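In what follows, residues are counted from 1 in the order of the sequence shown. This structure is a prediction, so every number in the text was calculated from the model and none was measured.
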Amino acid sequence: MSLLVKLDEGDVLESFQAMDKNGDGLVDASEIRDYYAEKLGENGLSENDVHQMLSMADLDGDRALAFDEFKRIVQIAKSPPDPETASELRKTFAFFDANGDGSLSLQEFIDAIVELEYDIDDPEEMFNEADVDKNGKINFTEFVELMIDEDDE
């Protein structure tokens, strides 16, 4: 993903359009693989790298990146959390995810907040704001954004 780190704001759209070979406004796994194979040679990105890239930014779960999602992956690549912070975020997410399904329901979110004795006025509103794709659940990426936004305030 080092190519993403080098992109400036004007290059992001251009890179997205270059990846979007079929012009449908979405970049899927095969388009990502092809783009990186073209840029990096035959090794390109591994299947795991492509999957990781999609899982970090694909908010609507369609297994493709719209432009806004692509911009998020560029931002993540430019300022990834340090390994210790990332590990703590994963542990915290796992604590919140009581049933272990990889996403947080509103009830799991509220239960964890109560158990941790967080002082939050309206946890349902906070949950709804964090649920960017509006599917009624918070995935790990949305959780990370919520936690980082809270730390910035």
Side-chain angles (χ1 to χ4, degrees), residues 1-13 15-17 19-20 22 24-33 35-36 45-153:
M1 289 198 307
S2 62
L3 288 176
L4 293 176
V5 175
K6 297 175 185 174
L7 295 177
D8 64 34
E9 202 61 35
D11 293 334
V12 175
L13 178 60
S15 293
F16 178 81
Q17 291 170 334
M19 277 189 205
D20 183 18
N22 65 6
D24 65 354
L26 298 171
V27 175
D28 64 20
S30 67
E31 289 172 317
I32 293 169
R33 269 191 306 277
Y35 177 82
Y36 276 95
L45 289 180
S46 70
E47 285 297 317
N48 187 47
D49 289 338
V50 172
H51 174 72
Q52 184 179 11
M53 184 182 287
L54 283 171
S55 67
M56 282 193 287
D58 180 20
L59 293 178
D60 58 13
D62 64 355
R63 297 178 181 245
L65 301 179
F67 181 63
D68 286 345
E69 293 169 322
F70 181 75
K71 284 193 310 190
R72 292 184 59 216
I73 197 74
V74 172
Q75 291 169 328
I76 290 168
K78 286 185 177 209
S79 58
D82 63 78
E84 187 175 315
T85 301
S87 175
E88 286 302 313
L89 287 168
R90 289 213 176 274
K91 288 177 189 173
T92 304
F93 183 80
F95 175 80
F96 274 69
D97 185 16
N99 68 5
D101 69 352
S103 61
L104 309 179
S105 68
L106 175 59
Q107 192 59 54
E108 285 175 314
F109 186 74
I110 291 172
D111 289 348
I113 286 171
V114 168
E115 188 169 336
L116 294 171
E117 299 179 355
Y118 287 159
D119 183 23
I120 296 173
D121 293 331
D122 190 347
E124 187 170 354
E125 180 182 345
M126 180 183 241
F127 179 91
N128 290 330
E129 288 175 12
D131 181 18
V132 177
D133 61 6
K134 304 302 179 204
N135 68 349
K137 296 189 174 285
I138 296 176
N139 63 33
F140 182 68
T141 303
E142 292 167 326
F143 181 78
V144 169
E145 288 185 8
L146 171 67
M147 299 304 281
I148 289 172
D149 286 348
E150 287 302 305
D151 286 345
D152 290 343
E153 292 176 4

Checklist entry - With sequence neighbours excluded, what pairs up with Tyr118 under the side-chain contact (heavy atoms from CB on, under 4.5 Å) test? => result Phe96, Ile113, Leu116, Ile120
Checklist entry - What distance do Glu108 atom CD and Leu106 atom CG have between them, rounded to the nearest 0.5 Å? => result 10.0 Å
Checklist outcome for this item: All heavy atoms of Gly25 vs all of Asp20, minimum pair found to be N-OD2, 2.8 Å
Checklist outcome for this item: Sequence neighbours excluded, the answer for ring pair (Phe, Tyr, Trp, His ring centres under 6.0 Å) partners of Phe140 is Phe93
Checklist entry - Mind checking what makes side-chain hydrogen bond (donor to acceptor under 3.5 Å, both in side chains) contact with Glu117, not counting sequence neighbours? => result none
Checklist outcome for this item: Residue set satisfying side-chain contact (heavy atoms from CB on, under 4.5 Å) with Asp119, at least two apart, ordered chain then number -> none
Checklist outcome for this item: Residues at least two apart in sequence or cross-chain that pass side-chain hydrogen bond (donor to acceptor under 3.5 Å, both in side chains) with Asp28, listed by chain then number, are Ser30
Checklist entry - Rounded to the nearest 0.5 Å, how far does CD1 of Ile110 lie from CG of Leu104? => result 11.5 Å
Checklist outcome for this item: Residues at least two apart in sequence or cross-chain that pass salt bridge (charged side-chain N to carboxylate O under 4.0 Å, His left out) with Asp68, listed by chain then number, are Lys71
Item to check | Under 3.5 Å: donor-acceptor pair, side chain of Glu129, backbone of Met126 | outcome: no
Item to check | Set of side-chain hydrogen bond (donor to acceptor under 3.5 Å, both in side chains) partners for Asp111, sequence neighbours left out | outcome: Gln107
Checklist entry - Who pairs with Phe67 by ring pair (Phe, Tyr, Trp, His ring centres under 6.0 Å), at least two apart in sequence or on another chain? => result Phe16
Next on the checklist: Quick check: do Val144 and Leu146 have side-chain heavy atoms less than 4.5 Å from each other?
Outcome noted: no
Next on the checklist: So Asp101 and Lys137, do their side chains get closer than 4.5 Å, heavy atoms only?
Outcome noted: yes
Next on the checklist: My understanding is that only residues two or more places apart in sequence, or in another chain, count here; which of them pass side-chain contact (heavy atoms from CB on, under 4.5 Å) with Asn128?
Outcome noted: Glu124
Item to check | Close side-chain approach of Leu26 and Glu31, heavy atoms under 4.5 Å | outcome: no
Item to check | salt bridge (charged side-chain N to carboxylate O under 4.0 Å, His left out) partners for Lys91, two or more places apart | outcome: Glu88
Next on the checklist: Restricting to side-chain hydrogen bond (donor to acceptor under 3.5 Å, both in side chains), what partner residues turn up for Thr92, sequence neighbours left out?
Outcome noted: none
Item to check | Donor-acceptor contact below 3.5 Å, side chain Asp131 vs main chain Asn135 | outcome: yes
